[in-house]
Amino acid sequence: RHTAGVLLFTLQPQLRRLFQKPFEEQQVRKTYYAVAPLPRPESIYGTPLLAGQPVEIRSRIAVSRNRLDCYEVAGPVNAHTTIRLVRERNGYGLYKIRPHTGKTHQIRVHMMHADIPIVGDPLYPTIAPDAPDEVNNPQKTLQLLAAELVVPTPSELEVPHTFRSGRRLSWPDGTLT
């Protein structure tokens with residue numbers, strides 16, 4: 001419920017499989033944007049991000065059994081994300097994020113891995129008590145937007161294959177990105 005933006009639903013059950021298959025086969029391209037602090041130059045990803053270069057984060061993410069959050073563990077990679085700083089303002093950055101896999105909380109875990117936690121995240125770095133979003137307070141509303149979803153269009157359908165969100169994120173001072 002925290003991430004804003006594009007969701008894809010089918011109203012006709014018989015169409016569900018046509019759209020589900022590209023997700024399972026990792027043929028869907030997802031683009032997200034997030035507002036997070038600028039990286040520290042001395043951090044592992046700080047210098048490339050500040051230079052405008054994309055960074056690739058690959059790790060193994062495990063789902064907590066008795067907690068709400070997920071975490072990285074040793075083992076074969078099951079999560080891959082590309083992160084790039086696209087704009088900065090007052091110590092914060094707007095990041096373009098492309099998850100290449102679809103693990104639970106993958107973007108949020110990888111942003112923490114890069115030491116740039118997303119503004120308003122109620123789970124990372126620490127779990128906050130469950131509370132409704134405060135839409136007028138960007139510091140208390142997760143600044144993560146599912147901006148675009150590109151799905152291979154099944155040949156049986158005549159629908160657009162690119163879905164875009166019209167929403168925008170907020171900088172911590174409340175102005176829109």
Side-chain angles (χ1 to χ4, degrees), residues 1-8 20 22-86 88 91-135 137-149 165 167 169-172 177:
R1 74 178 168 92
H2 293 288
T3 304
V6 177
L7 290 174
L8 178 62
Q20 189 174 7
F23 281 91
E24 291 171 356
E25 295 175 353
Q26 297 181 352
Q27 297 173 338
V28 175
R29 190 179 79 215
K30 300 168 269 184
T31 303
Y32 290 75
Y33 287 91
V35 174
L38 289 174
R40 293 172 301 144
E42 67 275 9
S43 71
I44 188 169
Y45 302 109
T47 300
L49 282 170
L50 290 169
Q53 299 170 357
V55 298
E56 305 288 330
I57 299 178
R58 291 175 176 88
S59 68
R60 180 162 194 81
I61 294 178
V63 177
S64 298
R65 290 198 185 273
N66 52 358
R67 294 177 24 173
L68 297 173
D69 60 341
C70 298
Y71 52 94
E72 292 177 301
V73 296
V77 169
N78 68 356
H80 173 204
T81 306
T82 302
I83 301 170
R84 185 169 62 88
L85 176 63
V86 294
E88 55 185 270
Y92 290 88
L94 177 65
Y95 296 87
K96 183 177 186 176
I97 305 162
R98 287 235 166 101
H100 303 282
T101 51
K103 300 308 286 182
T104 302
H105 296 188
Q106 175 178 324
I107 292 171
R108 296 157 78 177
V109 170
H110 281 169
M111 292 291 282
M112 281 300 304
H113 177 98
D115 199 24
I116 46 175
I118 300 170
V119 170
D121 194 331
L123 294 179
Y124 305 93
T126 57
I127 299 174
D130 193 28
D133 288 344
E134 293 183 33
V135 294
N137 184 348
Q139 295 280 5
K140 294 195 175 191
T141 302
L142 180 65
Q143 296 303 307
L144 178 62
L145 174 69
E148 184 178 84
L149 189 62
S165 172
R167 294 204 49 187
L169 297 173
S170 295
W171 294 105
T177 59

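Computed from heavy atoms alone, side chains included, the values below leave out hydrogens, waters and symmetry copies.
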Which pairs of donor and acceptor atoms, one on a side chain in residues 112-128, lie under 3.5 Å apart (sequence neighbours left out)?
residue	atom	partner	partner atom	Å
H113	ND1	E72	OE1	2.8
H113	ND1	E72	OE2	3.2
H113	NE2	Y45	OH	3.2
D115	OD2	R40	NE	3.0
D115	OD2	R40	NH2	2.3
D121	OD1	R108	NE	3.4
D121	OD1	R108	NH2	2.7
D121	OD1	L123	N	2.9
D121	OD1	Y124	N	3.3
D121	OD2	R108	NE	3.0
Y124	OH	C70	N	2.7
Y124	OH	H105	ND1	2.7

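Side chain of T101 to main chain of H80: a donor-acceptor pair is present (N/O by atom type, distance under 3.5 Å, no hydrogens or angles).
Listed by chain and number, the residues in a side chain to side chain donor-acceptor pair (under 3.5 Å) with R84 amount to none (sequence neighbours excluded). For S170, the side chain to side chain contact (heavy atoms under 4.5 Å, CB included) partners two or more places apart in sequence, or in a different chain, are P138, Q143, L176. In terms of the side chain to side chain contact (heavy atoms under 4.5 Å, CB included) criterion, residue partners of T177 (sequence neighbours excluded) are, by chain and number, V35, R87, L94, R168, L169, W171. Partners of Q53 according to the side chain to side chain contact (heavy atoms under 4.5 Å, CB included) rule, which considers only residues two or more places apart in sequence or in another chain, are P48, A51. Residues satisfying the side chain to side chain donor-acceptor pair (under 3.5 Å) criterion with R29, sequence neighbours excluded, are E148. Partners of R60 by side chain to side chain contact (heavy atoms under 4.5 Å, CB included), not counting sequence neighbours, listed by chain and number: V73, P76, N78. Under the side chain to side chain donor-acceptor pair (under 3.5 Å) criterion, T104 pairs with no residue at all, not counting sequence neighbours. Residues satisfying the side chain to side chain donor-acceptor pair (under 3.5 Å) test with Q27, not counting sequence neighbours, are E25.
Within the structure, the salt bridge (charged side-chain N to carboxylate O under 4.0 Å, His left out) test picks out no pair touching residues 45-58 (sequence neighbours left out).
Interatomic distance, CD1 of I97 versus OG1 of T81, reported as 8.0 Å (0.5 Å rounding).
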Would you check, one step at a time, whether the test side chain to side chain contact (heavy atoms under 4.5 Å, CB included) holds for L38 with L85? CA-CA 8 Å; L38 289 174; L85 176 63; 3.9 Å; yes
Should I61 and H110 be marked as a side chain to side chain contact (heavy atoms under 4.5 Å, CB included) after you check the CA-CA gap, both sets of side-chain angles, and the distance that decides it? CA-CA 9 Å; I61 294 178; H110 281 169; 3.9 Å; yes
